[in-house]
Amino acid sequence: MDARAIEILTESFWPILKAGLCYTIPLTLIAFVLGTLLAALVAIVRVSKVPVLNKICELYVWIIRGTPLLVQLFLVFFGLPKVGIVIEPMPAGIMVFSISIGAYSSEIFRAAILSIPKGQWEAAMALGMSYPQQLIRIILPQAFKIALPPLFNSFISLVKDTSLAANITIPEMLLTTQRITARNYEPLLMYIEVGFIYLLFCTVLNFVQTKMEERLMLTPDEKKKIQKINDAQA
Amino acid sequence: MLKIEKLNKYFGDNHVLKDISLDIETKKTTVIIGSSGSGKSTLLRCINLLETPNSGVINLDGTELDFSKKIPGNVKKSFTKRTGMVFQSFNLFPHKTALENIIEGPVVVLKKDKKTAIDEAMELLRRVGLEDKRDSYPNQLSGGQQQRIAIARALAMKPEVLLFDEPTSALDPELGAEVLGLIKELSKEDYTIIIVTHNMSFAREVSDEVVFVEKGEILAKGSYDDLTAMHNERITQFLSYLD
């Protein structure tokens, strides 16, 4: 590798990483937290078969899962201003990614809740618990444990998916890379570099995931349920 | 007294319980027997409202539920609270320790303060011989131990009626024996107990009354000896299979 290439890589490394720390990671974290909360609510509504709301949630999941994320981003960022709704890039990104995570992860939560044996509901019912008590005290803690590994997978996917936000002018890692590339005309080097940084992020997260799964002390039965949810998501 | 009158239960087109009427006396142990699919478990599950009958009346010491009318949720709940259920597959809460399983109902449903609930739970743990397992999770316990914790969990609610749904069917004979021993002790105390079981020698030992259910109807009722003395071909045949 020649000296110029090394110089380009070292000079751009920090700006790209900084974009990751200032945009990619906050965008991922905020959207993941909001999206997961939304997902939990949607899953509870659907499992509890709340009238009307259940149908609305079903419609929501169907639309979001059936349309490309990039189309959703364009619709919100470029489309909505047409009807007078102008949203800044970062809030628009957070909104779209949250809504997307909400739809996908609601299926994870739903599958996790449905994987809890009927006997658990019955045991709680037999103690005289109300439906919310059964759900909150008995079912959700068990379902959450099963949902956690698949949720972490969707978190890792989200880190990579936030690169789509480059298209709506959020200066995250990819857009920063594109801008640097426009100056140095070294697309091969630059996209290898940004790819490497994404890889770095994901490798760290994979490591965290492995540690987390060890600490969860999953039973073979729980592992089987998780595998099933992961397969359904893939 | 627990009075059941003209109870009917359908699962779709399947008429599982047909006009069942049955009086269960307080402080007695009643054993329900019958072949698989006879409706005996459904009958038990109707008594604590895990299944809602389609029609009929259940009356527990003056509290009457008429299933031909819509029964409000809170009325159902306060009725269920007065019964305790022990399941075939134990159904302990796997994310809670033995002690937490036992205090869950008293703290959450009966709103007892935690300290009182723990004191009472420790008493129950001693009662079922598992005092040293208070902090064990269900998956760290044998099947027999899990079922004894499940019995303690049911007792912690101080139910007026204790229901056992094939309590030892999921256990090998040795582990089953420790559970049966415990139920036998309880049956000597002042509990009103209803047990669904396939274990005839246990039924003979523990029962004050045996109810024989066949195809959703009560075919016979009486003491174990009464039943054998009836010389009903079907009953004799059933008992001979299982002994």
Side-chain angles (χ1 to χ4, degrees), chain A residues 40 43-45 47-51 108-109 111-151 212-229, chain B residues 41 44-45 47-52 72-96 100-111 117 137-140 146-147 149-151 153-165 170:
Chain A
I44 290 169
V45 165
V47 170
S48 313
K49 301 202 167 66
V50 182
I108 293 176
F109 276 122
I113 294 171
L114 294 178
S115 79
I116 304 304
K118 207 171 132 234
Q120 290 293 310
W121 290 96
E122 289 186 348
M125 218 183 292
L127 288 177
M129 286 191 191
S130 64
Y131 185 83
Q133 285 171 337
Q134 294 165 26
L135 191 68
I136 292 165
R137 299 202 49 94
I138 305 303
I139 304 302
L140 289 184
Q142 296 181 55
F144 191 68
K145 189 178 172 195
I146 289 168
L148 214 51
L151 285 176
M212 181 198 77
E213 283 183 25
E214 278 170 22
R215 285 194 59 178
L216 280 179
M217 291 194 291
L218 298 160
T219 64
D221 181 52
E222 287 169 331
K223 282 183 185 159
K224 225 182 287 168
K225 288 173 179 173
I226 290 166
Q227 188 60 48
K228 239 176 106 186
I229 296 175
Chain B
S41 276
L44 197 73
R45 291 162 60 86
I47 295 172
N48 77 341
L49 307 179
L50 278 179
E51 306 289 352
T52 308
N74 58 336
V75 174
K76 275 189 183 177
K77 232 186 304 150
S78 58
F79 191 90
T80 300
K81 256 190 279 187
R82 298 168 62 190
T83 66
M85 181 76 151
V86 175
F87 298 89
Q88 182 180 349
S89 49
F90 330 135
N91 297 349
L92 287 179
F93 305 131
H95 59 303
K96 293 183 182 291
E100 288 167 347
N101 264 278
I102 299 171
I103 63 168
E104 182 70 11
V107 171
V108 175
V109 179
L110 303 179
K111 311 285 180 215
Y137 285 90
N139 64 9
Q140 298 167 322
Q146 288 190 51
Q147 194 61 303
I149 297 292
I151 292 171
R153 177 175 68 178
L155 290 174
M157 297 297 287
K158 299 198 175 17
E160 293 159 54
V161 184
L162 259 177
L163 309 168
F164 292 88
D165 189 5

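The structure presented is a predicted model; accordingly, all values stated were derived computationally and were not measured. Lettering of chains follows the sequences in order, A, B, ..., and the numbering in each one begins at 1.
Only the side chain of B/N139 comes within less than 4.5 Å of a heavy atom of chain A; its backbone N, CA, C and O stay farther away. For chain B, the nearby part of A/T219 is the side chain; its heavy atoms alone come within less than 4.5 Å. With a 4.5 Å cut-off on non-hydrogen atoms, A/Q133 touches chain B through its side chain but not through its backbone. In this structure, chain A has a heavy atom under 4.5 Å from the side chain of B/F87, while its backbone stays farther away. B/L163 does not touch chain A: none of its heavy atoms, backbone or side chain, sits under 4.5 Å away.
Taking all atoms of both residues into account, the shortest heavy-atom contact from B/K81 to A/L127 is CG-O, 4.0 Å.
Within the model, atoms OG1 of B/T80 and CE of A/M125 stand 9.0 Å from one another, a figure rounded to the nearest 0.5 Å. Distance check, rounded to the nearest 0.5 Å: CD of A/Q142 to NZ of B/K96 gives 9.5 Å. Here A/R137 contributes atom CZ and B/E104 contributes atom CD; the two are 4.0 Å apart, rounded to the nearest 0.5 Å.
Of all the listed residues (B/R82, B/K77, B/M157, B/M85), the one sharing the greatest number of non-hydrogen pairs under 4.5 Å with chain A is B/K77. Contact count versus chain A (heavy atoms, under 4.5 Å) is highest, among B/V108, B/T83, B/V86, for B/V108.
In this structure, the side chains of B/R45 and A/E122 come closer than 4.5 Å at one or more pairs of heavy atoms.
Although no hydrogens or angles enter the test, the distance criterion places a donor-acceptor pair under 3.5 Å between the side chain of B/N91 and the main chain of A/G119.
The environment of B/K111 atom NZ is dense: over 12 non-hydrogen atoms of other residues, nucleotides or ligands sit within 6.0 angstrom.
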